[in-house]
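Shown next, in C-alpha cells, is the structure this report addresses.
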Amino acid sequence: MQTLVQMVYPPRCLSCGGLVDSDFGLCGACWRDTPFVAGLACDLCGVPLPGLSDRAEHCDDCLRIGRPWAQGRAALLYRGIGRRLVLALKHGDRHDIARPAARWMARAARDLHRSDLLLLPVPLHSRRHIARRYNQSALLAGAMAEEMGIAFCPDALERRRPTPSLDGRSRDERFAVLDGVIGVRPARRALLADRPVMVIDDVMTSGATLAAATQACHAAGAKEVFTCVLARVAKDP
Ligand SMILES: [Zn+2]
Ligand SMILES: [Zn+2]
C-alpha cells in the first residue's frame, strides 16, 4: 500500500519540490542549506552557542530576561529555508510541512521526553483562528505527540483577548501586550495539574508568548513546563 501511494504521490522536497527518495522531508541540497540547530544550544531557548559544554548553558538573552519555563528546545533557526518553511506552514496552507517539522522538533526535544508529558499548542485567538482556519501550532503539537507517543490537548490553552500584530514591536512592548493574555480553560485545568507539560509554538521571537503560556500552565498547577518551537529567531551570527 505504501509503495502504491509513493508511486502515485512520490515524496517531494518540502522546500524546492524536487523528488526525494525518503520521507525526511527535504532533498539533500535543501537539507544542507536548512539551519537546523545542532551542537551546543541554550537550554532555555535553543539558540546555538559556541563551544562545547557538559552542563546546561544559557544565551545572553535568557540570562537577561527571566524565562518562567524549565527548559526549551528549537529545531531550526528562523532564517533562509527555516523561515520559508515556517511561513509556508503558517500562511500557505502547507499542512504537509507539519509532520516532518514535528519529527525534527521531537528530535530536538528528545531529552525532555517523559511518559506523562502533555503537549499544549499556543492558541490563536478565535477570531484569527476562524480567519486562518487552522492553528499551525496545533498541527505541530498533534504530529509531535504521535511521533513521541505522548498525549496532546489542542484546546487546553486559550487566548483571553485578541492581540495586535507584534511585528516591529520592541521586546518590552511584546511582553506588555502579551502579559496575562493566555489562560488554561477551566474545564482543562485538572488535565494539567501536577503533570509535566510542553508548550508548542511555530516560532519564538522575544519569548513573550511562551512566557504567557508558561505562566498559565503554572497557575493551573503543572508540575514542570517545557517549551519547544519549530524555529527560533536569532540575531545573525
Ligand atoms: Zn529541495
Ligand atoms: Zn536562550
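As the structure is a prediction and not an experimental result, all values here were calculated from the model. Nothing fancy with the numbering, it's 1 onward along the sequence. First listed ligand is number 1; within each ligand, the first listed atom is number 1.
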Verify the neighbour count for atom CZ of R114: are there more than 12 heavy atoms of other residues, nucleotides or ligands below 6.0 Å?
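More than 12 within 6.0 Å, yes.
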
Test of geometry: compute the angle SG(C16)-the Zn ion (ligand 1)-SG(C13) and round it to 10°.
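Output for this angle: 110°, rounded to tens.
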
Quick check: does any side chain N or O of Y78 sit under 3.5 Å from a backbone N or O of R84, one acting as donor and the other as acceptor?
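It does not hold such a pair.
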
Got R73 and D111 here, is their nearest side-chain heavy-atom distance under 4.5 Å?
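Yes, close enough: below the 4.5 Å cut-off.
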
Legend entry - With the Zn ion (ligand 2) as the apex, the SG/SG angle for C45 and C42 - to 10°: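 The two atoms subtend 110° at the Zn ion (ligand 2).
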
(request) Take the Zn ion (ligand 2) as the vertex and measure to SG of C59 and SG of C62; round to 10°. (result)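 SG of C59 and SG of C62 make an angle of 100° at the Zn ion (ligand 2), to the nearest 10°.
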
Contact flag H58/the Zn ion (ligand 2), N/O/S atoms, threshold under 2.8 Å
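So H58 does not count as coordinating the Zn ion (ligand 2).
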
To the closest 0.5 Å, what do you measure between CH2 (W31) and OG (S15)?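 Reported to 0.5 Å precision, the distance equals 12.5 Å.
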
